[in-house]
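Sequential numbering from 1 along the given sequence is applied to the chain's residues. Please read these numbers as outputs of a predicted model, since none were measured by experiment.
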Amino acid sequence: MRIGLMLDVDRPIEEVIGQARRAADAGLDTVWCSQIFGYDALTLVAVIGREVPGVAVGTAVVPIQPRHPVMLASQALTVQAAVGSRLTLGVGLSHQVVIEGVFGYSFDRPALHMGEYLSVLVPLLAGEQVSFQGETVRANTLGPLGVTVEQSPPVLVAALGPMMLGLAGRQAAGTVTWMTGPATVEAHIVPTITAAAREAGRPSPRVAVGLPVAVTADPAAAREQIAKVFAIYGHLPSYRAMLDREGAPGPAEVAIVGTAAEVVAQVERLEAGGATDFIAAPAGSLADIERTLELLADLATA
């Protein structure tokens, strides 16, 4: 299982690059940037990839609605060329409150939109010409996009429900999850996406699991902080559904928290449940975060 770090993108760029450099020096496999209301994730991973050799970079995730798939494909291929084919492109639907409330776009038929979007995005990333006329997406390129890369970047789709997991299995390289506990990963995420990939004749999918992590001597305090920092995820419908499926009252209950040995055991449970990538978001006190980073380095190099 690849061990990755979710970078704190609320910091100045030099500090974000420093986080990535430390992760690379420690032997971690991947570093990931989220796309919320700050830095553009793909631009940021391009900078990181040029500044920090030896570590793969990924987005977790870029919302698809504000960008036409031809433009996103062009941007992703540009990043892939800049970072020497180390990009994993994570894409997602975001949430109705964001897409309609912030961008003013429709959130109608999101799964249909994602399926049609992937029908354009994935072939373009593979160097193909695209002519597609869907209900929500239309594209006609004059030929392949003029960006040469050694290999096309894999696309992971943020997918939690059965319909989206089916799309991810049939049309993409896998999924990237957030705030989804180990029981749900094992019993729902992995079997659903794997079955869809198998039925479509595709390779076994990547399943990248992102969770807050705290190696701590005070788990109650760490969970209290996680509950405050990540409170919003207990209210967004897609994450709420996964928390309910896990039987977790909120984000603090699915976070990986405990001593070093306890955290290792919980990460190993994810791997045993079918996760191919683990994306850690260090949490807790500054001392907890430091201990967490040290443990991640041990896991990555074990």
Give the intermediate values and the outcome of side chain to side chain contact (heavy atoms under 4.5 Å, CB included) for residues L299 and V264. CA-CA 8 Å; L299 287 171; V264 168; 4.1 Å; yes

Between [X] and [Y] (side chain of the first, backbone of the second, donor and acceptor by atom type, cut-off under 3.5 Å), is there such a pair?
X	Y	result
T292	P282	no
Q80	L87	yes
T141	V130	yes
T216	G258	no

T136 pairs by side-chain hydrogen bond (donor to acceptor under 3.5 Å, both in side chains) with which of H113, R109, Q65? H113

Please check if V47 and I36 belong to a single hydrophobic cluster, counting links between Ile, Leu, Val, Met, Phe, Trp and Tyr side chain heavy atoms closer than 4.5 Å.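 As far as the 4.5 Å side-chain criterion goes, I36 and V47 are connected within one cluster.
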
Test of understanding: clusters of I, L, V, M, F, W, Y form through side-chain heavy atoms closer than 4.5 Å, transitively. Do M6 and V229 belong to the same one? no

Ring centroid separation H95 to Y239 under 6.0 Å: yes

For Y233 and F230, take the angle between the two ring planes, folded into 0 to 90°, and tell me which bin it lands in: parallel under 30, tilted 30 to 60, perpendicular over 60. tilted

If the threshold is 4.0 Å, N to carboxylate O, is there a salt bridge linking R240 and D244?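 Looking at D244 together with R240, the answer is yes, because their closest N to O distance falls below 4.0 Å.
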
By the rule that ILVMFWY residues connect when side-chain heavy atoms come within less than 4.5 angstrom, directly or transitively, which residues belong alongside L142?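 Reading the cluster by chain and number, L142 sits alone, since nothing else belongs.
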
